[in-house]
> 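Below you will find the structure I want to go over with you.
Order of listing sets the numbers, starting from 1, for every ligand and every atom in it. Nothing fancy with the numbering, it's 1 onward along the sequence. In what follows, every heavy atom counts, from backbone to side chain, and hydrogens, waters and symmetry copies are set aside.
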Amino acid sequence: MKQKEIFLCKYGEIVLKGANRKYFEDMLCREMKKRAAAYGNFDIYRAQSTIYVEPKDDSCDMDGMFLSASKVFGIVAIQRAAVCEKNMEDISRVAAEYIPQFLAGKRSFKVEAKRSDKSFPLDSMDLAREIGGVILSAFPRIKVDVHTPDVIVKVEIREYGAYISAGSFKGAGGMPVGTNGRALLLLSGGIDSPVAGYMMAKRGVKIEALHFESFPYTSERAREKVLELASILAEYAGEVRVHIVSLTHIQEELAKNCNEDYFTLLLRRYMMTIAERVAKYKGCNALVTGESLGQVASQTMQALGVTDSCVKDMPVFRPCIGMDKEEIVTVSRKMGAFETSILPYEDCCTVFTPKHPKTKPELDKVVAEENKLDFAALADEAFESLYTVTVEAKY
Ligand code: ATP
Ligand code: MG
């Protein structure tokens, strides 16, 4: 028979304090139930700041569920534990068979035992000593170290059974998605904006996305790439609605009528203006971009000032603002987006790019350039082109 395993998912005490606690817990439990449904027949329940993920039969995909649980924001650690009957014979057998896989490459361990069922004949000290001996015989290369062990093996005697585990895995951290408002992410096909979306989702923000395309200057494949990035984000953030707006006419008008040095800045002002409008229309309370200070000409402090001044009454979050490219890439790889982000398709920001972009633009000069066009009419027309693709939650 296959060894029965369960997952104990711990959520951070700190973020869950106060009146919102039950709300957070309900959100987390619901999320875990949705995910579990994709991997088999599980029982999901909670007790003592822990969500228990327990398979009801042998057909459950435990590795699949483990990976999925590790993407749930709000879970700080996941412990995989074997479950058995509450007698020494079973506990010893399971410890000998189940624990060694977690000891490979480790030098030392200790056993911590806990007995919430006081009718169990051995006390915690004796139980720990006994199981320590069992593990040493099963895995003789390892040593006991009670002060700084590489691995802590836990044996817990609870109401319905005995649980045996070795170490715990880091969860995704953060706060459950949906507990901290809804924001509109300006999603390009690059590296930075998917990371920005991931970081805001980690803080509990429900994400909608806005992508600007410029067909035929940007291709069908560039759009597919953006939808693929949204789908990677959806592994963590749940369903992502991707709103798509065409900037083709705006870009052609800019190219025809305005000073080339201002192209990118003007385009970004259109983007932010349209984004705020889409956000309000779709019930989002903030914008999110992937900008990082000084990374390119349009991301200097002055350039950001010029683009920000278009946004009238909502915050613009830029979670990558203080990160180096290398740090952004690390998160991008961790979330699994990097390989997609580096596919070489054009973005609307890369068509009609100025050779000498203004790095220290002055707002009045930018506005003078902008006034060569009917800004409001062009923004209205672009807004009318909006259509939405819903990218399903991916568990
Ligand atoms: P990214 O890697 O996210 O594309 P970037 O370093 O290439 O960022 P820019 O291209 O200047 O920087 O874009 C800055 C931000 O503007 C992006 O992070 C994104 O939030 C937004 N943005 C850029 N292009 C688009 C687009 N086509 N659709 C939606 N948002 C965009
Ligand atoms: Mg880009």
> With atoms numbered from 1 as shown, which atoms in ligand 1 lie under 4.0 angstrom from a non-hydrogen atom of I191?
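By the 4.0 Å cutoff, the relevant atoms are 2 (O).
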> Are the charged groups of E228 and K225 less than 4.0 angstrom apart, N to O?
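Answer for the salt bridge query: no.
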> Do any N/O atoms on V288 end up under 3.5 angstrom from N/O atoms on ligand 1?
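No.
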> Is the NZ or CZ atom of R333 both under 6.0 Å from the centre of the six-membered ring of F338 and within 45° of that ring's axis?
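Yes, a cation-pi geometry.
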> Show me which atoms of ligand 1 lie under 4.0 Å from any heavy atom of G190.
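Once the distances to G190 are compared, the set is 1 (P), 2 (O), 4 (O).
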> Looking at ligand 1, does any of its N/O atoms fall within less than 3.5 Å of an N/O of K325?
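N/O-N/O distance under 3.5 Å: no.
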> I'd like to know if R269 and D308 make a salt bridge, using a cut-off of under 4.0 Å between side-chain N and carboxylate O.
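No, R269 and D308 are not salt-bridged.
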> Using a strict cut-off of less than 4.0 Å between a Lys/Arg side-chain nitrogen and an Asp/Glu carboxylate oxygen, indicate whether E239 and K394 qualify as a salt bridge.
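Result for this pair is no, no salt bridge flagged.
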> Should G290 be counted as touching ligand 1, given the test is an N or O pair under 3.5 Å?
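For ligand 1, there is an N or O atom that lies under 3.5 Å from one belonging to G290.
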> With the threshold set at 4.0 Å, does a side-chain nitrogen-carboxylate oxygen contact exist between D313 and K280?
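Yes, D313 and K280 are salt-bridged.
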> Heavy-atom distances under 4.0 Å are what count here, so tell me which part of L187 touches ligand 1: side chain, backbone, both or neither.
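The backbone, only.
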> Find all atoms of ligand 1 within a distance of less than 4.0 Å from any non-hydrogen atom belonging to S298, and give their numbers and elements.
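Answer for ligand 1: 11 (O).
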> Does M271 reach ligand 1, in the sense of a heavy atom lying below 4.0 Å from it?
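M271: in contact with ligand 1 (<4.0 Å).
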> Just jot down the ligand 1 atoms closer than 4.0 angstrom to any heavy atom of T289, in number order.
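That gives atoms 20 (O) of ligand 1.
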> Salt bridge check: are D63 and R80 linked by an N-O gap of less than 4.0 Å?
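Result for this pair is yes, salt bridge flagged.
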> Is there a nitrogen or oxygen of F212 sitting under 3.5 Å from a nitrogen or oxygen of ligand 1?
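By distance alone, the answer is yes.
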> Going by the order shown, which atoms of ligand 1 are within less than 4.0 Å of some heavy atom of L210?
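Counting atoms of ligand 1 from 1, those under 4.0 Å from L210 are 29 (C).
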